[in-house]
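Only a predicted model underlies this, so the values are computations on that prediction, with no experimental measurement involved. Throughout, a chain's letter reflects where its sequence line sits, starting with A, and its residues are numbered from 1.
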Protein chains: 2
Amino acid sequence: MKIPVPGQPVRGSKTGQPIMALLDLLGRSWAMGIIWHLYSGPSTFRDLQDYCESISPNTLNTRLKELRECHLITRTMDGYSLTEQGVELFELLKPMGSWARHNWAKSFENDNQK
Amino acid sequence: MKIPVPGQPVRGSKTGQPIMALLDLLGRSWAMGIIWHLYSGPSTFRDLQDYCESISPNTLNTRLKELRECHLITRTMDGYSLTEQGVELFELLKPMGSWARHNWAKSFENDNQK
DNA sequence: AGCTTTGCTATTAAAATTATAGCATTATGA
DNA sequence: TCATAATGCTATAATTTTAATAGCAAAGCT
């Protein structure tokens, strides 16, 4: 799969609008999960495999490469970790966590009719 | 593909933590793009097809079903549109747009080495 | 009655993801 | 020092998603 770069054609935008490139990148399996997890600290490849219960090593490796080329993660002596930009992005993702818990999840409680 | 419901096993969480269910849902092709687009107003099925340049009708339909079952979009007389929750989620997604443009995209400008 | 728009379904092909095994380093430990 | 374990993967094949394309039924003009 082509790595989405702002300014170049990506899914959703022939001109590669940054937000579309970003959505393309993040909308791949496990991408956001990896970022989410790395915020709590650097992880080894195997840590990530454990965290992402059902990811295959191929996919994990592909995702890591993409995220690295897109400047969101990097390798350190302690394993993979977020770059400054990665942290910035996480900060934007973060509010989704509380919204999911406090608002979104609640709306499923009355889903027993159907 | 199983529709991710908070409280039930999803990719990334056997207990279905809300954020994981949300990331699973949004991390599917075009999901965030659809939400992004619908914020600008209700769209018909065909509008969405045009917007999501390369989506197939099957995938679009699948995604629409998922987003509907997860209370993020709904059908109105004008076509598909965001629910209140969908709007809330968009508001959380929105900052990513300016960050992508003003911060993230900039970091690619010096990527001509390699 | 014909033509268009809309919201799909069906079918097939291509691509992504998973599952599983396993290998080459580099510690670690006895 | 030699075995053992941890790490970061690659290879291969099976499965699942997604895309491409055609087309149809229902509703709305004209």
Side-chain angles (χ1 to χ4, degrees), chain A residues 1-5 9-14 20-21 23-38 41-70 72-82, chain B residues 1-5 9-14 20-21 23-38 41-70 72-82:
Chain A
M1 212 172 178
K2 208 171 128 198
I3 295 181
V5 171
V10 297
R11 287 192 297 186
S13 166
K14 287 170 191 154
M20 287 303 145
L23 295 184
D24 186 0
L25 177 68
L26 297 181
R28 297 177 180 189
S29 69
W30 297 109
M32 290 189 287
I34 290 169
I35 293 172
W36 196 269
H37 179 67
L38 285 184
S43 289
T44 64
F45 190 92
R46 249 131 168 147
D47 275 344
L48 286 168
Q49 269 187 299
D50 288 343
Y51 169 70
C52 304
E53 300 156 17
S54 66
I55 198 173
S56 74
N58 304 280
T59 304
L60 176 56
N61 199 32
T62 302
R63 219 70 334 139
L64 289 174
K65 272 180 193 153
E66 292 167 357
L67 293 173
R68 272 204 284 174
E69 290 206 27
C70 289
L72 298 177
I73 69 176
T74 186
R75 283 189 73 170
T76 66
M77 291 181 312
D78 300 323
Y80 292 97
S81 70
L82 294 181
Chain B
M1 210 172 179
K2 207 171 130 198
I3 295 181
V5 172
V10 297
R11 286 191 300 185
S13 166
K14 287 170 191 154
M20 286 304 145
L23 294 184
D24 185 2
L25 178 67
L26 297 181
R28 296 177 181 190
S29 67
W30 297 108
M32 290 189 286
I34 289 168
I35 292 171
W36 195 269
H37 180 66
L38 286 183
S43 290
T44 64
F45 190 92
R46 259 146 158 130
D47 275 343
L48 285 168
Q49 270 188 297
D50 288 343
Y51 168 70
C52 304
E53 300 156 17
S54 66
I55 199 174
S56 73
N58 305 278
T59 304
L60 176 55
N61 198 32
T62 302
R63 219 68 338 137
L64 289 173
K65 272 181 192 152
E66 292 168 356
L67 293 173
R68 273 203 284 173
E69 290 205 26
C70 290
L72 298 177
I73 68 176
T74 186
R75 284 188 72 170
T76 66
M77 289 184 311
D78 299 322
Y80 293 95
S81 69
L82 294 181

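- One finds no side-chain N or O of B/S29 lying less than 4.0 angstrom from the OP1 or OP2 phosphate oxygen of D/dT17.
- Of the candidate nucleotides D/dA11, D/dA19, C/dC8, C/dC8 has the atom lying nearest to any side-chain atom of B/P57.
- Rounded to an integer number of Å, the gap from A/N58 CG to C/dA15 P is 17 Å.
- At whole-Å resolution of the value, CZ in A/F45 and P in D/dC9 are 6 Å apart.
- Counting to the nearest Å, the P atom of D/dG8 and the CD1 atom of A/I34 are 14 Å from each other.
- The minimum heavy-atom distance between A/M1 and A/E66, with the atom names listed, is O-OE2, 4.4 Å.
- For the atom pair CG (B/L67) and CG (B/L82), the distance works out to 9.0 Å, reported to the nearest 0.5 Å.
- A 4.5 Å side-chain heavy-atom check between A/T59 and A/T62 finds every atom pair outside the cut-off.
- Listed pair B/S56 / D/dT21 fails the phosphate criterion, with no side-chain N or O lying under 4.0 Å from OP1 or OP2.
- Summarising the geometry, the separation between CZ on B/R11 and P on D/dT17 is reported as 9 Å, rounded to the nearest angstrom.
- In this structure, A/L60 and A/W30 have side chains that are not in contact, with every pair of non-hydrogen atoms separated by 4.5 Å or more.
- Heavy-atom distances under 4.0 Å link DNA chain C to A/S54 of residues 46-54 of chain A, given in residue order.
- We find that CD1 of A/I55 is positioned 13 Å from P of D/dC9, with the value rounded to whole Å.
- The shortest distance between the side-chain N/O atoms of B/R75 and the OP1/OP2 oxygens of C/dT6 is not below 4.0 Å.
- No hydrogens or angles considered: nothing links the side chains of B/R11 and A/S54 as a donor-acceptor pair under 3.5 Å.
- Using a 4.5 Å heavy-atom cutoff, the side chains of A/Y51 and A/I34 are not in contact.
- Residue A/L60 contributes atom CG, which lies 13 Å from atom C1' of C/dT18 at whole-angstrom precision.
- Distances shorter than 4.0 Å separate some side-chain N or O of A/N61 from OP1 or OP2 on D/dT10.
- Remark: A/W30 is not in phosphate contact with C/dT17, judged by side-chain N or O atoms under 4.0 Å from OP1 or OP2.
- What separates CG of A/L25 from P of C/dA16 is a distance of 14 Å, to the nearest Å.
- One distance of note links OG of A/S29 with CD1 of A/I55; it measures 6.0 Å at 0.5 Å rounding.
- One finds a side-chain N or O of A/Y80 lying less than 4.0 angstrom from the OP1 or OP2 phosphate oxygen of D/dC9.
- For B/I3 and D/dT16, the CD1 to P distance is 17 Å, given to the nearest whole Å.
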